[in-house]
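Below you'll find the structure, written out as structure tokens, and then a few comments.
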2 protein chains.
Amino acid sequence: MLAHNAIHSHSAVLSKAGHIARNDMPGQMAPAFATQPHQVLFCSPNKEIYAQGERATALYQVEFGAVRIYRLLSDGRRQISAFHVAGEVFGFEADGHHRFFAEAICHSAIRVCRLPIDADLSRDILPSALLALVRAQEHLLVIGRQNATERVAAFLLDLAERQGDLPQIELAMSRTDIGDYLGLTIETVSRVFSKFRENGHIRLQGARTVVLLKPDALRAMCV
Amino acid sequence: MLAHNAIHSHSAVLSKAGHIARNDMPGQMAPAFATQPHQVLFCSPNKEIYAQGERATALYQVEFGAVRIYRLLSDGRRQISAFHVAGEVFGFEADGHHRFFAEAICHSAIRVCRLPIDADLSRDILPSALLALVRAQEHLLVIGRQNATERVAAFLLDLAERQGDLPQIELAMSRTDIGDYLGLTIETVSRVFSKFRENGHIRLQGARTVVLLKPDALRAMCV
DNA sequence: CGACGGCTTGACCTAAGTCAACGCGGGTGG
DNA sequence: CCACCCGCGTTGACTTAGGTCAAGCCGTCG
């Protein structure tokens, strides 16, 4: 609710999506970002931040909003490997060019930090990179070995935790995004949401607001 | 074949699995490893290198052999998030304790580099960490959005590439390991191997030696 | 008010899982 | 030295979770 309002008030002001502004406000950020020249990129929904194959010239930190990182197969199948929300750093690449796409999901602000990376910056960003690695590996367990119910439960709990463990979650992303993140179809995602609602585990206020009524029941599902 | 012989000749000599030896031979290694004090750990098949929950006190590099990194659900379901072969570095952790298990698959030698990591080492290991991240994210695409045939094809091609793109592959791991890596059952893995054999895409010399007869046909499968 | 896109629900289908039997090869003990 | 055993792999018959296809709903926006 709060986040939603914030996004909308910004979206009114920042209708020129993709506009780049010099930024001098000190927010919470990764240490090295504070001492680097940086810009903030304001993005409309579905605005591409970088594309697969592009040279990787920067790191990115979500100021507000949400971002999806994904990859496509040639027949259009899509796998979202990560969602990133406020405070998180993304855009790491192994060999200087992007292997994934990054897009804003909703109206978002992205802090941009130009490369190259020196030794100090390496030390500062290593924890972020390792966090991303652990998250990806844990997500492999969810996708590789858990069923649809367990995947959705894990997704909701992860999202709740990253939004400060409040019981009410605002979903920035569509059912399609959730399906492509969890390796499921939108129909299956929808059915699991409905099942959780019928079981009293969650309440749905519209399609994009989820209240976790029994978070422990959800936790019990994903072991 | 060559690798297999190498492993067996070592295994005869190094029957005391888990024995730790001071090592001063200069091999191919990550830069920082050369200047760090290090040891080499010789492992029998299924020897645990570290366990989930343990304090992370070192980084590891495969000298020879192969390692599996995995995680368990409480009911025993297992997801292998990565296999590591000669030259590869593993054991990165985000907050000082291991979230995964690491085990030798076959007779292996593991170079051990004690932490903590200074700034120089950070810069040196960042590329390895980023490579692991990219691999994990690409594996998400395979597991999340590809069918059994595509998964096995991708697995064989990845293994071939990491063994120097020779057409003949020695599988260090069992069908169970492959299934737990690809999010499939052993029966499904076995059926796909048989299908590839019947189609003339591969030749099987015993269960653990695979000859890629038509690598391009396999490549065409996983887009 | 109507159209459109995102979401839900139902009926049906299929890829992969489960269960079970059997084959094979390497290791051991009689 | 041979016979047995055991663990790994293969194959077949059947089941099922989740995908596919299709219809309809609901909220938003022009």
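Proteins get letters first, then strands, A, B, ... in listed order; numbering begins at 1 in each. Here the structure is a predicted model, which means the values were calculated and not measured.
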Considering only side-chain heavy atoms of A/Arg175, which listed nucleotide, D/dT11, C/dT9, C/dC7, is closest?
C/dC7
Value in whole Å for how far the C1' atom of D/dG12 lies from NZ of B/Lys195:
17 Å
From the options C/dT8, C/dT9, C/dC7, select the nucleotide whose nearest atom is closest to the side chain of A/Glu187.
C/dT9
Atom CZ of A/Arg77 to atom C1' of C/dA15: distance rounded to whole Å?
13 Å
Give a yes or no on whether the ring-centroid distance for B/Tyr60 and B/Tyr50 is below 6.0 angstrom.
yes
Quick note, B/Leu184 side chain, CB onward, closest among D/dG18, C/dA15, C/dG17 is C/dG17
Minimum-distance pair of heavy atoms, taken over all atoms of B/Ala160 and B/Ile169
CB-CD1, 3.8 Å
Let's see if you can work this out: which of D/dT11, D/dT10, D/dG18 has an atom nearest to the side-chain heavy atoms of B/Ile186?
D/dT10
Tell me: CG of B/Leu204 to P of C/dC24, nearest whole Å?
15 Å
Taking every non-hydrogen atom, the tightest pair across B/Tyr181 and B/Gln79:
O-NE2, 3.1 Å
Tell me which nucleotide among D/dT20, C/dA16, D/dT10 gets nearest to the side chain of A/Arg191.
D/dT20
How many Å lie between CG on B/Asn147 and C1' on D/dA17, as a whole number?
16 Å
Heavy atoms only, 4.0 Å cut-off, all strands: where does A/Arg151 land among base, sugar-phosphate and nothing?
nothing
Between A/Ala104 and A/Cys43, the two heavy atoms sitting closest are CB-CB, 3.5 Å
A/Phe193 CZ to C/dG6 C1', straight-line distance once rounded to whole Å
13 Å
With a 4.0 Å limit, can you tell me whether B/Thr188 has a side-chain N or O closer than that to the phosphate oxygens OP1/OP2 of C/dG17?
yes
Roughly, in whole Å, what's the span from CD in A/Gln205 to P in D/dC26?
17 Å
Does A/Gly179 reach a base, just sugar-phosphate, or nothing at all? Heavy atoms under 4.0 Å.
nothing
Closest to side chain of B/Thr185, choosing from C/dA15, D/dG9, C/dT18
C/dT18
Residue B/Arg208, side-chain heavy atoms: nucleotide from C/dC7, D/dT10, D/dC8 that is nearest:
D/dC8
Between C/dT8 atom P and A/Phe196 atom CZ, what is the distance in whole Å?
13 Å
D/dT11, OP1 or OP2 - any side-chain N/O from B/Ser194 closer than 4.0 Å?
yes
Considering only heavy side-chain atoms of A/Ser174, the closest of D/dG9, C/dG10, C/dC7 is C/dC7
Of all the heavy-atom pairs spanning A/Phe92 and A/Ala129, show the shortest one and how long it is.
CZ-N, 3.6 Å
What's the CD-C1' distance between B/Gln146 and C/dA15, to the nearest Å?
15 Å
For A/Ala207 and for A/Arg145, find the nucleotide of DNA chain C with the closest heavy atom, then tell me which residue's nucleotide is more 5'.
A/Ala207
Is NZ or CZ of A/Arg68 both nearer than 6.0 Å to the six-membered ring centre of A/Phe83 and within 45° of the ring axis?
no
